[in-house]
Amino acid sequence: MRRTDLFCETLRQSPSDAELAGHQLLLRGGYIQPLAAGIYSLLPLGQRMRQKVEQILREEMDAIGGQEISMPVLHPAELWQETGRWQKIGPELMRLKDRAERDMVLAMTHEEVVTDLLRRQVRSYRQLPVMLYQIQTKLRDEPRARGGLIRVREFTMKDAYSCHATVEDLDAYYPRVYQAYFNVFRRAGIEVTAVESDVGMMGGTMAHEFMFLSEIGEDQLVMCDSCGYSANRQIALFVKGEPEPEEPKALEEVATPNTPTIATLARLLEIPESRTAKAAFFMAGDRLIFAVIRGDMEVNETKLANAVGTLELRPARPEDLQAAGIVAGYASPIGVEGVTVVVDELVARSPNLVAGANRPGYHLLNTNVGRDYEADIVTDIAAAYEGAGCVRCGNPVRMVRGIEVGNTFKLGTEYSHALGATCLDENGEAQDIIMASYGIGVGRLIGSIAQECRDEKGLIWPVTIAPYHVYLVGLDLDDEAVRSAAETLYAQLQAQGLEVLYDDRKERAGVKFNDADLLGIPLRLTISRRALAAGAAELKLRTEPESRKAPLEEAAAQARNEVARLREEILARVRPEELAVR
RNA sequence: CGGGGCGUAGCGCAGCCCGGCAGCGCGCACGGUUCGGGACCGUGAGGUCGGAGGUUCAAAUCCUCUCGCCCCGACCA
């Protein structure tokens with residue numbers, strides 16, 4: 001491709017509404033163009049990268065028996081009503097009506113449709129297993145799109161669905177997808193960390209997230225350097241330690257003016273925060289959830305939501321508390337009616353905690369679960385924190401941030417049961433089909449790589465996904481001899497099977513070099529009067545500061561070898577991976 | 001949805017308080033000089049000042065409403 005023909009305008013300054021470095025570079029390099037918040041066009045360079053990533057995805061999915069299909073983006077609402085997600089999922093699901101006023105859905109994922117396919121097509125266990133995948137547009141009305149391609153409202157996702165006659169078959173297959181996922185990310189040039197995760201709106205029994213570790217990530221991960229335990233903070237378990245055993249003492253009210261927080265309370269009473277019980281309030285629909293946790297810990301909302309069996313948990317507002325007669329800052333479940341009390345298991349086994357007296361300015365000493373109040377649910381609802389004890393080995397864990405670039409879910413029979421997708425087993429009995437779903441966000445992956453693979457001059461793409469292999473800089477092109485040598489080299493490079501972007505513009509050297517760096521093409525070749533005088537082209541890796549001379553007649557072959565070497569370097573990272581489990 | 005910020009030429013910004021000709025840099029077009037890491041000189045094109053309403057002799061500027069974009073939080077895969 002000649003630069004004079006390429007639809008690509010590079011910017012010297014990045015648009016002011018771009019925050020992340022990777023996003024800025026994608027904009028400056030002319031890879032993407034925003035249309036609205038979280039909605040982007042891919043320009044030719046961006047589209048080429050998407051195709052590179054998609055090709056890797058196809059190869060890896062095909063290698064584990066995947067068959068590519070294409071499912072609609074527009075769905076009738078009935079299908080989503082059948083699985084209950086029409087009701088369960090909030091405004092994130094895009095809904096619309098067609099001209100006949102029928103409710104429709106813009107797909108955010110495709111479990112419903114693929115399960116509908118199964119119930120129409122599959123009758124016997126002999127037709128299973130089957131792995132179907134597609135690379136398709138997804139729509140999610142994110143409350144807050146941000147970070148360029150990292151978090152968008154419309155995006156391309158590779159989603160795959162495996163369907164099995166037995167749980168054992170799924171269990172045997174799942175690790176193959178897991179391995180294929182690692183292969184995909186490594187071939188695309190990045191390392192990810194797989195962690196066990198919450199099943200969230202997908203439902204099901206086991207899930208992994210493939211996290212690209214990055215400071216800009218929005219997910220928090222718990223990692224143990226000692227034993228390798230890793231989990232999303234949403235579900236991370238940890239060791240809470242044993243409270244000192246103590247005989248229950250008599251309840252006692254004390255005046256504690258102006259101590260609405262645990263910190264002020266502990267200071268006033270001169271006790272550690274761990275000797276207090278903290279109340280936190282959430283709404284599950286119109287049900288008020290009264291969560292009780294030890295004063296030195298935080299509530300993990302995902303654990304709490306799972307405990308009460310809801311997808312929609314939101315912090316309670318002052319008016320919610322007022323309606324229930326709860327005094328914020330001085331609340332405890334003692335004597336409070338009409339709410340769901342969820343007590344962290346650590347609180348349940350900690351004697352004599354200080355808790356609110358349910359009137360302003362007073363607390364109760366020596367509260368004990370079971371004696372002073374009853375819990376509707378006792379379970380683990382505490383959030384892991386930096387330095388908490390690892391659940392597996394007890395050593396302190398570390399909190400890191402990550403971007404979820406892929407996920408895998410064992411769905412079980414959640415969808416097949418709801419939609420009646422069954423097959424007959426060996427005994428001629430109808431069984432719900434066992435399913436799993438697997439996603440990888442293509443744009444998010446590219447955005448993550450852009451954020452990671454760059455320097456102060458611009459992007460530095462892994463050769464496996466770079467839009468072009470070689471950036472051919474032609475200088476002094478008004479000199480006929482140089483121009484003809486450049487044209488010849490351009491043709492030779494292509495004849496070597498290389499993808500070449502040939503900068504034949506009437507620009508000064510600095511402009512072309514800077515553009516080459518900005519665009520992040522792995523290999524740069526320069527041909528100029530000076531180079532020609534030496535009978536050579538100059539060859540430079542994007543990652544190296546200096547160029548070297550390559551005799552003209554060898555230049556194309558050397559370039560091919562360099563690209564092959566870069567590719568092998570990346571592919572050498574592909575290796576077997578053990579399933580991460582708790 | 002809560003808090004904060006910003007909408008002026010393709011991009012980056014000034015002008016707004018204190019109302020009075022719509023500006024600067026980059027980019028773009030043309031001419032010339034340059035020519036190996038974002039050159040220089042000259043000429044030029046390009047703007048319903050996000051939109052609507054109001055105040056005023058007069059609004060980019062003041063007031064009201066509204067739309068959009070960004071950041072933090074809430075939420076979410």
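Letters A, B, ... mirror the listed sequences (proteins, then strands); counts begin at 1. Worth saying up front: this structure is predicted, and the values here are computed from it rather than measured.
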Heavy-atom nearest nucleotide on RNA chain B taken for A/Leu35 and for A/Asp476; more 5' hit belongs to A/Asp476
Choosing from B/C75, B/G37, B/C70, which nucleotide comes nearest the side chain of A/Asp17?
B/C70
Need the pair for B/A39. Rule: Watson-Crick or G-U wobble, both distances under 3.5 Å, any strand; none if unpaired.
B/U33
Heavy atoms from C-beta onward define the side chain here; which of B/C69, B/G37, B/C11 lies closest to that of A/Lys540?
B/G37
Give one of base, sugar-phosphate or nothing for A/Pro15, where a contact means two heavy atoms less than 4.0 Å apart.
sugar-phosphate
Report yes if at least one side-chain N or O of A/Ser16 is closer than 4.0 Å to OP1 or OP2 of B/C69; otherwise report no.
no
Can you tell me the distance, in whole Å, between the CZ atom of A/Phe513 and the C1' atom of B/C35?
12 Å
Nearest-angstrom distance, C1' atom, B/C71 to B/G53:
30 Å
In whole angstroms, the gap separating P of B/G27 from CD of A/Glu9 amounts to 13 Å
Tell me whether the side-chain N or O atoms of A/Glu507 pair up with the base of B/G37 as donor and acceptor below 3.5 Å, since no angle test is needed here.
no
In whole angstrom, give the distance that lies between atom CD of A/Gln220 and atom P of B/G73.
10 Å
Closest to the A/Arg151 side chain: B/C69, B/C75, B/G37?
B/C75
Whole angstrom is fine here: how far is it from CZ in A/Phe282 over to C1' in B/C75?
12 Å
Rounded to whole angstrom, note down the P distance from B/C35 over to B/G20.
48 Å
How close or far is atom P of B/C76 from atom CZ of A/Phe155, stated in whole angstroms?
16 Å
Quick one: look up who B/C6 pairs with, Watson-Crick or G-U, both distances under 3.5 Å, and put none if it's unpaired.
B/G68
Using atom CE of A/Met283 as one end and atom P of B/C1 as the other, report the distance to the nearest whole Å.
19 Å
A/Asn306 CG to B/C76 C1', in whole Å, measures 14 Å
Which nucleotide, in any strand shown, forms a Watson-Crick or G-U wobble pair with B/U55, with both distances under 3.5 Å?
none
For residues A/Glu112 and A/Thr83, is any side-chain donor paired with an opposing acceptor at under 3.5 Å?
yes
Whichever of A/Gly148 and A/Asp219 has its nearest RNA chain B nucleotide further upstream toward 5'
A/Gly148
Using the C1' atoms only, state how far B/G25 lies from B/C69, rounded to an integer number of Å.
23 Å
For the C1' atoms, the ones on B/C62 and on B/A39, what distance do you get once it is rounded to whole angstrom?
46 Å
Ignoring hydrogens and angles, answer whether the base of B/G38 and the side-chain atoms of A/Arg28 contain a donor-acceptor pair closer than 3.5 Å.
yes
Could you work out the separation of B/G73 and B/A14 based on their P atoms and round it to a whole Å?
26 Å
Under 4.0 Å between any heavy atoms, over every strand shown, what does A/Glu538 touch: base, sugar-phosphate, or nothing? Just pick one.
base
Determine the contact category for A/Arg153: base if any of its heavy atoms lies under 4.0 Å from a base atom, sugar-phosphate if only primed atoms, P, OP1 or OP2 are that close, otherwise nothing.
nothing
Any donor-acceptor pair under 3.5 Å linking the side-chain atoms of A/Asp503 with those of A/Tyr471?
yes
Looking at B/G27, which nucleotide sits across from it as a Watson-Crick or G-U wobble partner, both distances under 3.5 angstrom, or is there none?
none
Name the residue from A/Tyr178, A/Tyr181, A/Phe182 that meets the ring pair (Phe, Tyr, Trp, His ring centres under 6.0 Å) definition with A/His208.
A/Tyr178
A/Arg401 CZ to B/C72 C1', in whole Å, measures 12 Å
When you compare B/C70 with B/G23, how far apart are their C1' atoms, in angstrom units rounded to a whole number?
25 Å
Minimum-distance nucleotide to A/Asp517 side chain [options: B/C75, B/G37, B/G12]:
B/G37
OP1 or OP2 of B/G38 under 4.0 Å from side-chain N/O of A/Arg508:
no
Taking any strand in view, what nucleotide pairs with B/U61 in a Watson-Crick or G-U wobble way, both distances under 3.5 Å?
none
Among B/G38, B/G37, B/C11, find the nucleotide with the atom closest to the side chain of A/Asp515.
B/G38
Determine, stepwise, if the pair A/Arg505 / A/Asp515 fulfils salt bridge (Lys or Arg N to Asp or Glu O under 4.0 Å).
CA-CA 11 Å; A/Arg505 293 176 303 172; A/Asp515 256 12; 3.0 Å; yes
First locate atom NE2 of A/His75, then atom CG of A/Asp103, and finally report the distance between them rounded to the nearest 0.5 Å.
14.5 Å
Given the C1' atoms of B/A60 and B/G44, what is the spacing between them in whole Å?
25 Å
With both distances under 3.5 angstrom, what nucleotide forms a Watson-Crick or G-U wobble pair with B/C75?
none
Over all strands shown, is A/Ala531 touching base, sugar-phosphate only, or nothing at heavy-atom distances under 4.0 angstrom?
base
Nucleotide forming a Watson-Crick or wobble pair with B/G46, both distances under 3.5 Å:
none
With sugar-phosphate meaning primed atoms plus P, OP1 and OP2, does A/Lys457 contact a base, only sugar-phosphate, or nothing at under 4.0 Å between heavy atoms?
base
May I ask you to say whether A/Arg151 pairs ionically with A/Glu142, meaning some side-chain N is under 4.0 Å from a carboxylate O?
yes
Please check if any side-chain donor atom of A/Gln24 sits under 3.5 Å from a side-chain acceptor atom of A/Arg454, or the reverse.
no
Suppose you measure atom C1' in B/U8 against the same atom in B/U61; what distance do you get, rounded to whole Å?
11 Å
Using 30° and 60° as the class limits, which term best fits the ring planes of A/Tyr490 and A/Tyr502: parallel, tilted or perpendicular?
tilted
With a 3.5 Å cut-off and heavy atoms only, can you find an N or O donor on one side and an acceptor on the other between the side chain of A/Arg144 and the base of B/C75?
no
Students often get this wrong, so: under 4.0 angstrom with heavy atoms, is A/Glu218 touching a base, only sugar-phosphate, or nothing?
nothing
May I ask you to say what A/Arg529 touches in the nucleic acid, namely base, sugar-phosphate or nothing, with a heavy-atom cut-off under 4.0 Å?
nothing
Side-chain donor-acceptor pair present, A/Glu209, A/Asn232, cut-off under 3.5 Å:
yes
Tell me whether the OP1 or OP2 atom of B/G38 has a side-chain N or O from A/Arg12 closer than 4.0 Å.
no
Pairing partner of B/C16 (Watson-Crick or G-U wobble, both distances under 3.5 Å):
none
